[in-house]
There are 2 protein chains.
Amino acid sequence: MKYGPDIALVASLIGEPARANMVLALMSGQALSAADLAREAGVTPPTATGHLAKLVSAGLLAARKQGRHRYFEIAGPDVGQAVEALIAVAARAGHLRARSGPKDEAMRHARSCYDHLAGRVAVEMFGHWMASGILCWRGGALHLTRKGRDFLGARGIAFDALENGKRPLCRGCMDWSEKRHHLAGSLGAQILEMTVAKGWAARERNLRTVSFSRRGEENFVRWYSQPLAG
Amino acid sequence: MKYGPDIALVASLIGEPARANMVLALMSGQALSAADLAREAGVTPPTATGHLAKLVSAGLLAARKQGRHRYFEIAGPDVGQAVEALIAVAARAGHLRARSGPKDEAMRHARSCYDHLAGRVAVEMFGHWMASGILCWRGGALHLTRKGRDFLGARGIAFDALENGKRPLCRGCMDWSEKRHHLAGSLGAQILEMTVAKGWAARERNLRTVSFSRRGEENFVRWYSQPLAG
DNA sequence: ACAATAGTTCGGCTACGATCAAACTATGAA
DNA sequence: TTCATAGTTTGATCGTAGCCGAACTATTGT
């Protein structure tokens with residue numbers, strides 16, 4: 001008897017609506033408590049405990065105990081990628097669910113997706129960078145052009161350091177609400193981090209929403225859209 | 001009430017063992033009949049009919065009627081990617097299943113994976129190309145180096161034409177049986193096609209097994225391992 | 001026309017797993 | 001200590017979905 005990877009086990013874990021909601025809630029990259037996840041999933045705490053135990057023991061989520069809380073997060077980038085791939089299939093095939101999509105207007109405007117910026121703001125930045133030749137598709141993968149490197153260098157992004165991990169520097173990620181790509185990968189993460197560090201936007205507690213101040217958003221748009229001098 | 005992609009629906013379809021076996025059997029890229037898939041999945045024809053109807057109506061499989069047969073195949077590359085991502089998670093987390101892995105020695109040796117070559121032969125080629133600097137990981141993505149371009153150019157692979165699709169030129173794909181990467185992407189597909197075209201190997205009917213002739217395998221190994229003159 | 005094969009529909013059986021209430025343990029606060 | 005909150009365990013209930021046998025339709029071959 002030979003063995004292969006048991007994708008049915010993994011898929012069936014994600015295939016239960018309550019668990020899928022939990023995993024999706026964690027896709028922002030934030031760790032959430034068991035009670036938060038119970039609420040997200042629309043089930044009672046005992047039920048949530050059961051689901052979470054399965055997800056952790058299967059290696060999809062990681063748990064960390066802190067005082068009387070237990071915080072959960074996505075166990076690894078492979079899990080995130082699998083979920084994103086499932087999102088892509090579901091979106092293409094037109095399967096929508098009623099609960100827990102981008103919840104409201106604020107969330108559609110700007111939110112975090114795993115660890116990078118998503119929503120209308122992010123999609124617009126992406127479109128602008130494609131149009132001005134900072135990013136391009138080559139061989140199905142997203143690339144930072146030479147012009148893009150100059151551009152980011154001039155704006156103080158140390159993309160050299162970002163490029164050494166196993167993680168792609170830039171990757172296209174399908175935006176749920178806008179149905180167009182936005183920027184993921186380590187560069188995408190870096191940009192969200194910078195946006196928060198500069199005080200242009202704040203990540204809401206326990207929510208995927210990212211709230212830009214009026215001034216912050218203007219600055220951000222200027223930051224990504226101002227052409228290189230020379 | 002807002003809407004988002006229903007990943008639970010998609011995942012639960014793949015999450016049923018019989019259906020997962022069907023989908024995995026189709027990952028070779030070949031179309032299989034309903035009866036073939038029933039056998040693959042270990043269920044009776046009526047049960048298979050039910051599963052296939054669900055998979056087709058959900059947009060995961062495509063069906064084509066031919067005479068009194070109905071042939072099924074993976075509906076699109078996004079589905080293939082989702083399955084591959086699930087394989088990666090399952091493999092990393094160590095979830096194995098008893099049924100229907102790489103079935104026998106021949107299959108472990110060489111088989112097709114979606115549309116490219118997999119198995120020991122493919123993993124060895126991949127390792128050789130990494131070691132000799134034809135391929136390299138950069139920023140988490142697999143790249144064909146300049147040296148690799150020369151190398152393939154000299155061997156008559158028109159990789160320029162391959163590079164224009166939305167599909168990546170080269171991508172690492174985790175090998176089930178060998179637990180190391182092999183080469184996927186349009187280049188990987190092209191190589192499998194060439195291998196068959198040159199008569200070095202043949203794809204078995206209705207099976208993922210790829211059988212190399214003794215002579216063919218020697219030629220293939222020579223083809224990929226002979227260093228560039230000069 | 002007849003038989004053979006591929007696939008489907010129907011009906012009923014069965015089992016698994018999601019769910020919750022209630023009782024319990026563990027941590028932190030007053 | 002005592003109370004409150006976070007999380008877990010237990011046990012029982014209940015729906016759903018997978019499964020098959022039998023009967024049916026459709027296509028091909030003789």
Side-chain angles (χ1 to χ4, degrees), chain A residues 6-26 30-58 60-73 95 97 99-100 205-206, chain B residues 6-26 30-58 60-73 95 97 99-100 205-206:
Chain A
D6 190 353
I7 72 167
L9 193 150
V10 174
S12 69
L13 284 171
I14 304 176
E16 209 287 322
R19 286 191 294 256
N21 283 330
M22 292 177 171
V23 170
L24 284 175
L26 292 169
Q30 287 181 53
L32 298 178
S33 71
D36 289 332
L37 291 168
R39 215 169 10 83
E40 255 333 301
V43 294
T44 56
T47 306
T49 295
H51 287 316
L52 290 168
K54 285 180 192 173
L55 290 168
V56 168
S57 90
L60 296 186
L61 298 186
R64 175 164 43 88
K65 199 161 187 177
Q66 199 173 82
R68 60 179 160 181
H69 294 273
R70 253 180 103 205
Y71 288 100
F72 296 85
E73 53 194 356
H95 300 305
R97 77 204 153 110
R99 243 194 80 76
S100 199
R205 264 188 344 117
N206 280 357
Chain B
D6 190 353
I7 71 167
L9 192 150
V10 174
S12 69
L13 283 170
I14 304 176
E16 208 284 323
R19 287 191 294 256
N21 284 329
M22 291 175 171
V23 171
L24 284 175
L26 292 169
Q30 287 181 54
L32 297 178
S33 71
D36 289 331
L37 290 168
R39 215 169 10 83
E40 272 304 325
V43 294
T44 56
T47 306
T49 295
H51 286 315
L52 290 168
K54 285 180 192 173
L55 289 168
V56 169
S57 90
L60 296 186
L61 298 186
R64 174 165 45 87
K65 199 162 187 178
Q66 198 172 82
R68 60 179 160 183
H69 294 272
R70 252 181 105 205
Y71 288 100
F72 295 86
E73 53 194 354
H95 301 306
R97 77 205 151 109
R99 242 195 80 78
S100 200
R205 264 188 343 118
N206 280 357

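In what follows, chains carry the letters A, B, and so on, assigned in the order in which the sequence lines appear, proteins first and then strands, with residues in each chain numbered from 1. Please read all numbers here as calculations on a predicted model, not as lab measurements.
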- Query: Rounded to whole angstroms, how far apart are CG on A:Leu37 and P on D:dA6?
  - Reply: 14 Å

- In whole angstroms, the gap separating C1' of D:dA17 from CG of B:Leu55 amounts to 14 Å

- Item | 4.5 Å side-chain heavy-atom contact, B:Ile14 and A:Val10 | no

- Message: Rounding to an integer number of Å, can you tell me how far B:Asn21 CG sits from D:dC19 P?
- Response: 10 Å

- Message: Within this structure, what is the CG-CD distance for the pair B:Asn21 and B:Glu16, rounded to the nearest 0.5 Å?
- Response: 9.0 Å

- Measure the distance from CZ on A:Phe72 to C1' on D:dT8 and round it to the nearest whole Å. 11 Å

Identify each atom pair where a protein N or O and an N or O of nucleotides 26-30 of chain D are less than 3.5 Å apart, giving names and distance.
none

- Message: For a 4.5 angstrom cut-off between non-hydrogen side-chain atoms, does B:Lys54 reach B:Leu13?
- Response: yes

- Distance (rounded to the nearest 0.5 Å) between A:Leu60 CG and A:Leu52 CG: 11.5 Å

- Item | B:Met22 vs B:Glu40, side chain to side chain contact (heavy atoms under 4.5 Å, CB included): CA-CA, chis, key distance, verdict | CA-CA 6 Å; B:Met22 291 175 171; B:Glu40 272 304 325; 5.6 Å; no

- How far does CG of A:Leu37 sit from OH of A:Tyr71, to the nearest 0.5 angstrom? 11.0 Å

- Just how large is the angle between the end axes of the helix from C:dA1-D:dT30 to C:dA30-D:dT1, five pairs per end, to 10 degrees? 30°

- Task: Let me know the distance between CG of B:Leu32 and C1' of C:dG7, rounded to the nearest Å.
- Result: 16 Å

- Using whole Å, report how far CZ of B:Arg70 lies from C1' of C:dG7. 9 Å

- Task: Report the C-alpha separation of B:Arg70 and B:Arg64 in whole Å, then their side-chain angles, then the decisive distance to 0.1 Å, and conclude whether the side chain to side chain contact (heavy atoms under 4.5 Å, CB included) test is met.
- Result: CA-CA 6 Å; B:Arg70 252 181 105 205; B:Arg64 174 165 45 87; over 6 Å; no

- Item | Distance in angstrom units between A:Arg64 CZ and D:dA6 C1', rounded | 16 Å

- Message: Let's go through A:Phe72 and A:Leu32 carefully: what are the C-alpha distance in whole Å and the side-chain angles of both, what is the deciding distance for side chain to side chain contact (heavy atoms under 4.5 Å, CB included) to 0.1 Å, and is it a yes or a no?
- Response: CA-CA 5 Å; A:Phe72 296 85; A:Leu32 298 178; 5.9 Å; no

- Keeping the roles fixed (side chain from B:Thr47, backbone from B:Val43), state whether a donor-acceptor pair exists under 3.5 Å. no

- Item | B:Ser33 and B:Asp36, any side-chain heavy atoms less than 4.5 Å apart | yes

Polar pairs (N or O, both sides) under 3.5 Å between protein and nucleotides 18-24 of chain C?
| unit_1 | atom_1 | unit_2 | atom_2 | d |
| --- | --- | --- | --- | --- |
| C:dA18 | OP1 | A:Arg19 | NH2 | 3.2 |
| C:dA18 | OP2 | A:Arg19 | NH1 | 3.4 |
| C:dA18 | OP2 | A:Lys54 | NZ | 2.7 |
| C:dA18 | O3' | A:Glu16 | OE2 | 3.4 |
| C:dT19 | OP2 | A:His51 | NE2 | 2.5 |
| C:dC20 | OP2 | A:Thr44 | N | 3.2 |
| C:dC20 | OP2 | A:Thr44 | OG1 | 2.9 |
| C:dC20 | OP2 | A:Thr47 | OG1 | 3.0 |

- Message: Could you walk me through whether A:Arg19 and A:Leu55 satisfy the side chain to side chain contact (heavy atoms under 4.5 Å, CB included) test, starting with their C-alpha distance in whole Å, then the side-chain angles of each, then the deciding distance to 0.1 Å, before giving a yes or no?
- Response: CA-CA 8 Å; A:Arg19 286 191 294 256; A:Leu55 290 168; 3.9 Å; yes

- What's the CG-P distance between A:Leu61 and D:dG7, to the nearest Å? 14 Å

